[in-house]
Each structure stands twice: as structure tokens, then as C-alpha cells.
Amino acid sequence: MFSAHYVTPYISSLVSIGSTPLGGDNPIRIQSMTNTDTLDTKASVAQCIRIIEAGADYVRLTAQGIKEAENLANIKKELQKAGFNTPLIADIHFNPSAAETAARLVEKVRINPGNYADKRASFEEQEFTEKEYNEELERIHTRLLPLINICRENKTVIRLGINHGSLSDRIMTRYGNTPSGMVCSAMEFIRIFRAENFKDLVLSMKSSDTAVMIEATRMLVGMMQTEGISYPLHLGVTEAGEGEDGRVRSAAGIGALLSEGIGDTIRVSLSEDPENEIPVARKLAAFYSRDISTTKPDKPLGYKSPSSNPEILRKINGPLVISNMTSYRNINSTVYKDAGFSVNLDTNEVKRTDSSSDLIIFSECPEKIPDDVLLVLPYKLWFKNREDERLIPLFSPEAFYTSTFRSGILNILLTDSHLNIEHLRKADPSTTLLIFIFDAEKERYSPDLFLNQLEENSLNFNIILNPIFHEFDIEDLRIKASALLGRYVTDERVSGISITNTGRVGFSELTSLAFSILQCTGARITRTLYLSCPTCGRTKFDLQEAVRKVKEVTSHLKGLKIAVMGCIVNGPGEMAGADYGYVGAGNGKVHIYRGTVPVLKNVPEKDAPEELLKVIERDRSEKNQSKIL
């Protein structure tokens, strides 16, 4: 993970996108993208208006061909007649002629360095000598000149939108399909624009993997700071999905960068109606506003979580989830169910599931403790019942420091920003967990200060972050908790999370949210992981319905990563980490992928979900058979 964040504040240059400036000290701008056919003027205008009225500062439309690019003029004209002057952005892939046409008509054009002057990636190595590589760069330079001149003449801004899923074969051969490859792709184009003295650029580094998106953006910022340049940055997680997962994945990735003062405009990519993206983006921008991000610590963040959990928790594959149930007066089956356990209502038998909390904190000791449960009790109460190895003591650091009785297996210390670091000197990291509790609104950066303090004192404990929220709306909680906790989990700086909320959100939802944050950041996979794009004018089938059907037939599977893509622009690349892909191939047709390789082509849409399931089941059967042999 690139670690140069927080070293030097990133202040972007200013660009004027129509009447709405971007960068500098302007507010974080919000945008979305239509999913209508750009040739359908009426539908596109209607959707643009819904997006604008939801609060967007910019609206993007796909222009896959010259006809679509030309029709942007009609869409813009109708919007202006209706009283809307929101800047429009043309989204281009593979077609420089469409970009050149659109650049005369709208305020901004997005091009993809991976396919603007290069063919669609084949994911095959293309070896170049140094001379041949430089000749390729000259060819790209020549191909960009018409667009540069048109944009200069029309005062049109260009976004260089680098996607992890659509790097060129040339870049991937030399740098790999990596954050480094993304940065090198961006810098090649930036240097061409700088050579032509064209400054109206916006940059984005997108991936469906939050860790890749965060690392690539940080690397790009570091590279630009080294070269003394600073373009505005567009943030987004591609193929984020829908529902809770889409919001959690987007908030974790975008929030990590906003928390560091990085980002000038954001787009939340949900597989839903595009106007649904705007409230999510606005809440994110408000949670890590420019004013708040200026209060972040200046010291680089280097603290890393220990490589393993204490022995009793070592079987858990990934960060821990801890549930604080001390507010419950009676310990019954509801408590365990809220903590993610399976409860048989007839027998009250409690069983662990993949989504069960690893530890539950109680304020009293139940008469009967289920076999699959580890309970944390106040240390004096634990001492009275210490024969039961399912019980773990909870201390304040002060009490632990002075106590004469401790567990030889696991001790948990509950602390906050008022910690006296000396009280940790007697703690053994191999048998100690620290839960750091803080107010999510008032002490947003206190975990950074706490972790820095541990590092400065050469202390390395497993840390559980426990923010306290005060939310009455589950969506608000999902966005804020993911934005706050996602970066610590992604950077592997903590060993687990626990979420407390004083508002009206159920305990079961807190448990589910904690696991969703770990799932969507790739830190701990407990169920099938779905990626799905937000769809656009290139999509030729009902993607939202496709996502629903694919989930319906595959949700019983565990540990798989399945991608549902509207088209093949970014599909194969973004599926590089997916086990299977379901990709739109034309009107009502779908390609089924295993990894990045298509195994079934042009499957009728109505049959595609079942065909995908058959491929998965066949692969699993063959894998099991090979194990037997």
C-alpha cells in the first residue's frame, strides 16, 4: 500500500466546467451518468432533469458513436429550454471522432487512455523495444492533437478516466494490471497534454476493488506532487453494485480519499436509477467536507496491525467483528440472533454462522452459554466465572495495569483518546486486544492520533475500532460508518471493527453492516461478492433485473466473486479478480465468463442466469472430483 498520504496537503488547480468551477477551494462537486439511449432525446432529457433536481452539479452521457455525440446538442438545447444549464459531460470509449464531435457541444469530455488510441485489450503480452514504445507514445500524441485543439478552441475540459479494467495491452505488458500501471497510463497522457500547454484536465483512477482505487489515486497524487502539478480529481468505485453493498463499497473507497483531503468531484456508481446516486454522494461529501479534512493529522500513517490475532481467535480469516450488547437487560435468543447467530426458535439452540460476531460484550453472565459463543464480561465478573474458557475479561487500561488477576488466554482493554500510554506497558500483545472507542462525529481523526501514539512508543497491538454514531436512518449510518472505517480496514491498520449507534437502528443491522464493510473492502469474505456496473447508454438489457436474477440463483454460494456487467468496455478487465462474469453482449444477449475468458457467448438473456449457475456447478463438481482422484 502506498504510504505517502498525509505528508503534503493536495490542493488541486482550478478548471471551469461551464458555469460550475471545479477544484481549488470550491465545494466537492456531485455528478451522475444517464443510462438512457443517447439517441433518445426525450428520455435522456427527462433523466438528466431527475439527476439535476436530485442535486447533481454535472451530468454525464455516453457517446459511443458520432450520431450519439451529435445528439448531445439536441439534449442540451431541450434542457436549456426547460431552464437547466447544468454542464454536460460526454463519455467516450474507443472513438476519437465521437470525442472530437462532442467536444464542440458540451462542457467536458471524458476519454479513457486505455482505449482512446489503443485497441480493446486482449490481455496478451505485447513486447516493445524502447524505440517501439516511444513510437507508440508519438502515435498517441498525434492522435490526441485534434481533440486538444478543439477543446482549447471551445474551452472544453477533458477528464482522463483511467480504469483498472481497461488498461491497454501495452501498459499491462510493461507495468501489469496494477495501480502502478494505472498511474503510468495517466502520466503518459498528462505529459502529452502538458507538452501542448493544455491545462484544463481532470483525472480519475477507478476500480471495482476499493484497495486498488485508493492506492492508485494516492500514487498519482504523490507522482503529481513530485512533478509540481495538481489537477482536480474525480473519485469513484466502478461496478460498486446496488443496495447496501453498493453504498458500502463506494463510501469505503471514496471516503478514504476524502478523509485525506483528496477529491474534487465524486460519482457513486450504483446499479440503480442514476438519481439514487446523488443523495449518497452528497452525504459522503458532507461527512468529509473540505473543512473537516483540514483537521486531519499531518504525520504519515505507518502503523500496521499485527499479522495474526491472539491464539484463541486465530482461526478467524480476516478482521474481527465485535458486538457490544451491554445495553440488553435480558440475555436471550434475540441477543444471539442480533449478533448474527442462527437460533432454532423451537429448541433455542444457538449456532455460529459465517456472519456471527466473533466476540459479544455483555454486562452480566448468562446462566447458560452456547458452545459456539465467546463472551466478554467486566473483569470482576469474569474472575468469578473464570473456569469457563468461553469467557474473556474486559478491563480499562488503568484497571488492567493495577489488577493482580488477568487471563492467560485473552484480555480486552477498552480505551479512548484519554489513554495514558504507560498503562499498556504490562500488556502482552499476544494475549491482548485493544478496543478504541470514539465519537464518530466529534473525534473523526482520533484513531489516527491513537495509532500514531502506539507507533511512536513501539507498541503493536491488535486494535478494534469502535466508533459511536447517533443515526436514526440506516442509510446514513451505512455511508458514514463505511467512509470512516473503510480506510483503516483497507490499509490493514486495525484488526477488527465494532459499531455502536445511539439512534434507532437495530443491533442486527449493526452486525450486518460491520460484515458488509469487511466484505466490500475485501478484508473478510463471508458470502458471495457481487460487482455490477451502474449501466449507461451502452447497455442493451435490463441490468438491474439481471443483477436481481443472478443473485437469486447464486446467493446460496459462498466465497465467490461474480461480476454483472452491462457491456464489454470495462467488463473483462474489471472482472480480472472475479471468478465468473455475466456481461451484456448486445440486444438481449449475454456472454458468460470464467475469469476473463468467455465460456458461453450470446446466451439469451432469459436463460443466462441459469446457464451461469450451470457453469459454476459444473466447475465445482469437476473440482470436487479431482480432489477425490
Side-chain angles (χ1 to χ4, degrees), residues 303-326 339-340 352 356-363 372-383 385-386 388-403 405-438 446-447 450-455 457-468 485 488-489 491-500 510-511 514-515 517-518 523-524:
Y303 187 90
K304 288 288 183 182
S305 173
S307 57
S308 61
N309 290 316
E311 182 66 34
I312 193 174
L313 301 169
R314 203 153 287 173
K315 291 182 180 180
I316 298 167
N317 186 24
L320 307 174
V321 171
I322 297 181
S323 291
N324 188 333
M325 301 292 198
T326 54
R352 177 171 292 279
S356 299
S357 297
D358 304 302
L359 297 168
I360 305 175
I361 303 175
F362 282 159
S363 56
D372 282 349
V373 176
L374 289 176
L375 297 184
V376 180
L377 301 176
Y379 71 98
K380 291 181 180 178
L381 186 58
W382 162 80
F383 188 73
N385 301 276
R386 63 188 179 279
D388 194 325
E389 292 187 351
R390 292 167 297 181
L391 298 179
I392 296 162
L394 178 69
F395 298 85
S396 69
E398 296 86 351
F400 183 83
Y401 188 77
T402 58
S403 176
F405 47 89
R406 306 184 184 102
S407 170
I409 299 173
L410 180 62
N411 300 281
I412 296 182
L413 278 60
L414 185 66
T415 188
D416 58 22
S417 57
H418 299 99
L419 168 74
N420 181 345
I421 202 74
E422 294 304 314
H423 290 149
L424 299 181
R425 298 297 183 189
K426 291 183 179 180
D428 178 357
S430 67
T431 57
T432 305
L433 276 179
L434 299 184
I435 299 179
F436 182 77
I437 192 164
F438 61 102
S446 61
F450 172 64
L451 295 173
N452 284 343
Q453 188 180 13
L454 292 178
E455 186 177 21
N457 285 272
S458 301
L459 297 173
N460 192 220
F461 289 95
N462 288 281
I463 307 298
I464 310 299
L465 288 190
N466 185 181
I468 301 174
L485 293 169
Y488 298 102
V489 173
D491 288 344
E492 299 177 352
R493 301 180 62 223
V494 298
S495 301
I497 57 177
S498 179
I499 301 172
T500 300
L510 299 181
T511 304
F515 277 102
I517 292 171
L518 299 183
R524 181 175 176 180

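Residues take their numbers from the sequence shown, with the count starting at 1.
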I need the minimum non-hydrogen distance between Leu414 and Pro397, along with the two atoms involved.
O-CD, 3.2 Å

Testing Leu374, Leu313, Thr431 one by one against Leu410 for a side-chain contact (heavy atoms from CB on, under 4.5 Å), which residue passes?
Leu313

Tyr303 and Asn460, any side-chain heavy atoms less than 4.5 Å apart
yes

Which heavy-atom pair separates Phe461 from Asp428 by the least distance, and what is that distance?
CE2-C, 4.3 Å

Under the 6.0 Å and 45° cation-pi test, does Arg406 pair with Phe400?
yes

Evaluate the side-chain contact (heavy atoms from CB on, under 4.5 Å) criterion for residues Asn324 and Ile437: first the C-alpha distance (whole Å), next the side-chain angles of each, then the deciding distance (0.1 Å), finally the verdict.
CA-CA 11 Å; Asn324 188 333; Ile437 192 164; 5.6 Å; no

Roughly how far, to the nearest 0.5 Å, is CD of Glu398 from CG of Leu413?
9.0 Å

Are Leu434 and Leu424 packed together at the side-chain level, in the sense that at least one heavy-atom pair is separated by less than 4.5 angstrom?
yes

One pair to check against side-chain contact (heavy atoms from CB on, under 4.5 Å): Ser495 and Asn309. What are the steps and the verdict?
CA-CA 8 Å; Ser495 301; Asn309 290 316; 4.1 Å; yes

Rounded to the nearest 0.5 Å, what's the gap from CD1 on Ile497 to CG on Leu518? Could you check?
4.0 Å

Main-chain N/O of Ile409 paired with Ser407 side-chain donor or acceptor, under 3.5 Å
yes

Any sub-3.5 Å donor-acceptor pair from Asn457's side-chain atoms to Leu459's backbone N or O?
no

Should Arg524 and Asp358 count as an ion pair when the cut-off is N to O under 4.0 Å?
yes

Parallel, tilted or perpendicular: which fits the ring planes of His423 and Tyr401, with parallel below 30° and perpendicular above 60°?
tilted

Do Ile421 and Leu454 have side chains that get closer than 4.5 Å, going by heavy atoms?
yes

Measure the shortest side-chain to side-chain distance between Pro467 and Leu485 over non-hydrogen atoms and say whether it is less than 4.5 angstrom.
yes

Side chain proximity check, Ile412 to Ile361, heavy atoms < 4.5 angstrom
no

Ile517 CD1 to Tyr488 OH distance, which is reported to the nearest 0.5 Å
12.5 Å

Looking at Arg352 and Ser357, would you say the former's side chain and the latter's main chain have a donor-acceptor pair under 3.5 Å?
yes

Please report the closest heavy-atom contact between Leu419 and Gln453, naming both atoms and the distance.
O-NE2, 4.3 Å

Give the minimum heavy-atom separation between Asn462 and Pro429, together with the two atoms involved.
ND2-O, 4.1 Å

Between Ser356 (side chain only) and Gly340 (backbone N and O only), is there a donor and an acceptor less than 3.5 Å apart?
yes

Shortest non-hydrogen pair, Ile312 vs Glu389, comes out as CD1-O, 4.2 Å

In Å, rounded to the nearest 0.5 Å, how long is the span from OG of Ser305 to CG of Asp491?
12.0 Å

In Å, rounded to the nearest 0.5 Å, how long is the span from CG of Leu451 to CG of Leu465?
6.5 Å

Taking side chain to side chain donor-acceptor pair (under 3.5 Å) as the test, write out the residues that go with Asn466, two or more places apart.
Thr500

Asp416 and Phe436 have their tightest heavy-atom pair at C-CE1, 3.3 Å

Hey, what do you get for NZ (Lys380) to CZ (Phe405), rounding to the nearest 0.5 Å?
7.0 Å

